[in-house]
Engineer: 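I am attaching a structure below and will ask some questions about it afterwards.
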Amino acid sequence: QVQVVESGGGLVQPGGSLRLSCAASGSIFSVHSMGWYRQAPGKQRELVAVISSGGSTNYEDSVKDRFTISRDNAKNTVYLQMDSLKSEDTAVYYCNVVLRDRRFNYWGQGTQVTVSS
């Protein structure tokens, strides 16, 4: 079993910040990448940011100047620092873990981020 658990979501005012954490545990042998996706009501799930075990990163264009993804490989943990939050960032954020054998792909249950006055 591989467990993926997100934390750090909540309610924040526009312009505020949140830091999301995702911890993977269980049969983690070799990780290819860890990333964050989000899904707003009535919308498709979209990639937010992804980081490889080697540290390379990719961001969705609308968050590139505001969010930062990082990881602690020893802890199998990935973080998403979100600054200058906007109402459009409101969504459920999901953590994704892909192992080196890319047939193995795991998802967390999601954490709610709400940006509102």
Side-chain angles (χ1 to χ4, degrees):
Q1 284 282 344
V2 173
Q3 294 81 43
V4 180
V5 180
E6 306 97 334
S7 63
L11 175 65
V12 65
Q13 294 183 356
S17 297
L18 285 173
R19 189 181 74 158
L20 305 183
S21 299
C22 170
S25 61
S27 300
I28 307 297
F29 296 100
S30 183
V31 174
H32 174 261
S33 65
M34 301 181 72
W36 291 94
Y37 292 71
R38 67 186 180 187
Q39 187 167 26
K43 303 292 185 179
Q44 295 182 343
R45 186 174 298 188
E46 65 176 357
L47 174 70
V48 179
V50 63
I51 186 167
S52 73
S53 293
S56 62
T57 60
N58 285 297
Y59 295 90
E60 196 276 326
D61 287 343
S62 70
V63 309
K64 189 174 184 65
D65 296 328
R66 300 182 294 119
F67 293 5
T68 303
I69 189 168
S70 60
R71 85 279 184 267
D72 184 335
N73 287 344
K75 297 180 179 179
N76 290 317
T77 300
V78 64
Y79 307 94
L80 186 68
Q81 178 67 44
M82 304 186 293
D83 297 320
S84 301
L85 283 161
K86 305 174 180 179
S87 60
E88 303 88 82
D89 297 315
T90 296
V92 177
Y93 284 70
Y94 297 91
C95 181
N96 174 242
V97 179
V98 181
L99 301 188
R100 182 179 177 182
D101 183 342
R102 297 180 69 176
R103 295 175 295 174
F104 298 95
N105 189 328
Y106 302 94
W107 294 88
Q109 66 180 9
T111 186
Q112 176 72 47
V113 171
T114 302
V115 184
S116 177
S117 298

Engineer: Measure the shortest side-chain to side-chain distance between Ser25 and Asn76 over non-hydrogen atoms and say whether it is less than 4.5 angstrom.
Structural biologist: no
Engineer: Shared ILVMFWY cluster between Tyr106 and Tyr79, side chains joined below 4.5 angstrom?
Structural biologist: no
Engineer: Please say yes or no: joined through hydrophobic side-chain contacts below 4.5 Å, possibly via intermediate residues, are Tyr37 and Val113 part of one cluster?
Structural biologist: no
Engineer: Working note: Thr68 + Tyr59, criterion side-chain contact (heavy atoms from CB on, under 4.5 Å); need CA distance, chi angles, decisive distance, verdict.
Structural biologist: CA-CA 9 Å; Thr68 303; Tyr59 295 90; 3.9 Å; yes
Engineer: Please determine which of Glu6, Gln81, Met82 meets the side chain to side chain contact (heavy atoms under 4.5 Å, CB included) test together with Leu20.
Structural biologist: Met82
Engineer: Using 0.5 Å steps for rounding, measure from the CZ atom of Arg102 to the NE2 atom of His32.
Structural biologist: 4.5 Å
Engineer: Report yes or no: does Asn58 contribute a side-chain atom to a donor-acceptor pair with the main-chain N or O of Ile51 at less than 3.5 Å?
Structural biologist: no
Engineer: What about Trp107 and Val50, same hydrophobic cluster or not, with Ile/Leu/Val/Met/Phe/Trp/Tyr joined at side-chain heavy-atom distances under 4.5 Å?
Structural biologist: yes
Engineer: Find out whether Trp36 and Cys95 are in side-chain contact, i.e. whether some heavy atom of one side chain is under 4.5 Å from a heavy atom of the other.
Structural biologist: yes
Engineer: Find out if a path of hydrophobic residues (ILVMFWY) with successive side-chain heavy-atom gaps under 4.5 Å connects Phe104 to Val97.
Structural biologist: yes
Engineer: Should Val31 and Asn73 be marked as a side-chain contact (heavy atoms from CB on, under 4.5 Å) after you check the CA-CA gap, both sets of side-chain angles, and the distance that decides it?
Structural biologist: CA-CA 9 Å; Val31 174; Asn73 287 344; over 6 Å; no
Engineer: Closest heavy-atom contact between Gly35 and Ile69?
Structural biologist: CA-CD1, 4.3 Å
Engineer: Can any side-chain N or O of Thr90 pair as donor or acceptor with the backbone N or O of Val115 at less than 3.5 Å?
Structural biologist: yes
Engineer: With side chains defined as the heavy atoms from C-beta onward, is the minimum distance between Ser117 and Pro14 less than 4.5 Å?
Structural biologist: yes
Engineer: Between Phe67 and Tyr93, how do the two ring planes meet: parallel, tilted or perpendicular, split at 30° and 60°?
Structural biologist: tilted
Engineer: Judged by atom type as modelled, is there a donor-acceptor pair below 3.5 Å linking the side chain of Ser84 to the main-chain atoms of Arg66?
Structural biologist: no
Engineer: Using 0.5 Å steps for rounding, measure from the CG atom of Asp65 to the CG atom of Asp61.
Structural biologist: 9.5 Å
Engineer: Got a donor-acceptor contact below 3.5 angstrom from the Tyr94 side chain to the Gln39 backbone?
Structural biologist: no
Engineer: From Cys22 SG over to Asn96 CG, what is the distance, rounded to the nearest 0.5 angstrom?
Structural biologist: 8.5 Å
Engineer: Got a second to check how far Ser30's OG is from Asp101's CG, nearest 0.5 Å?
Structural biologist: 9.5 Å
Engineer: Measure the CE-CG distance between Met34 and Leu99 for me, rounded to the nearest 0.5 Å.
Structural biologist: 10.0 Å
Engineer: I need the Arg38 CZ to Leu47 CG distance, nearest 0.5 Å.
Structural biologist: 10.0 Å
Engineer: Under 4.5 Å between side-chain heavy atoms, counting indirect links through other Ile/Leu/Val/Met/Phe/Trp/Tyr residues: same cluster for Val92 and Val4 or not?
Structural biologist: no
Engineer: More than 12 non-hydrogen atoms from neighbouring residues, nucleotides or ligands closer than 6.0 Å to CD on Gln3, yes or no?
Structural biologist: yes
Engineer: So Leu11 and Ser116, side-chain contact (heavy atoms from CB on, under 4.5 Å) or not? Walk me through it.
Structural biologist: CA-CA 7 Å; Leu11 175 65; Ser116 177; 4.2 Å; yes
Engineer: Using a 3.5 Å distance criterion without hydrogens, assess whether the side chain of Arg19 forms a donor-acceptor pair with backbone atoms of Gly8.
Structural biologist: no
Engineer: Looking only at non-hydrogen atoms, find the nearest pair between Ala40 and Ala91 and report the distance.
Structural biologist: N-CB, 3.9 Å
Engineer: Taking all non-hydrogen atoms of both residues, which atom of Val2 and which atom of Ser27 are closest, and how far apart?
Structural biologist: CG2-O, 3.7 Å
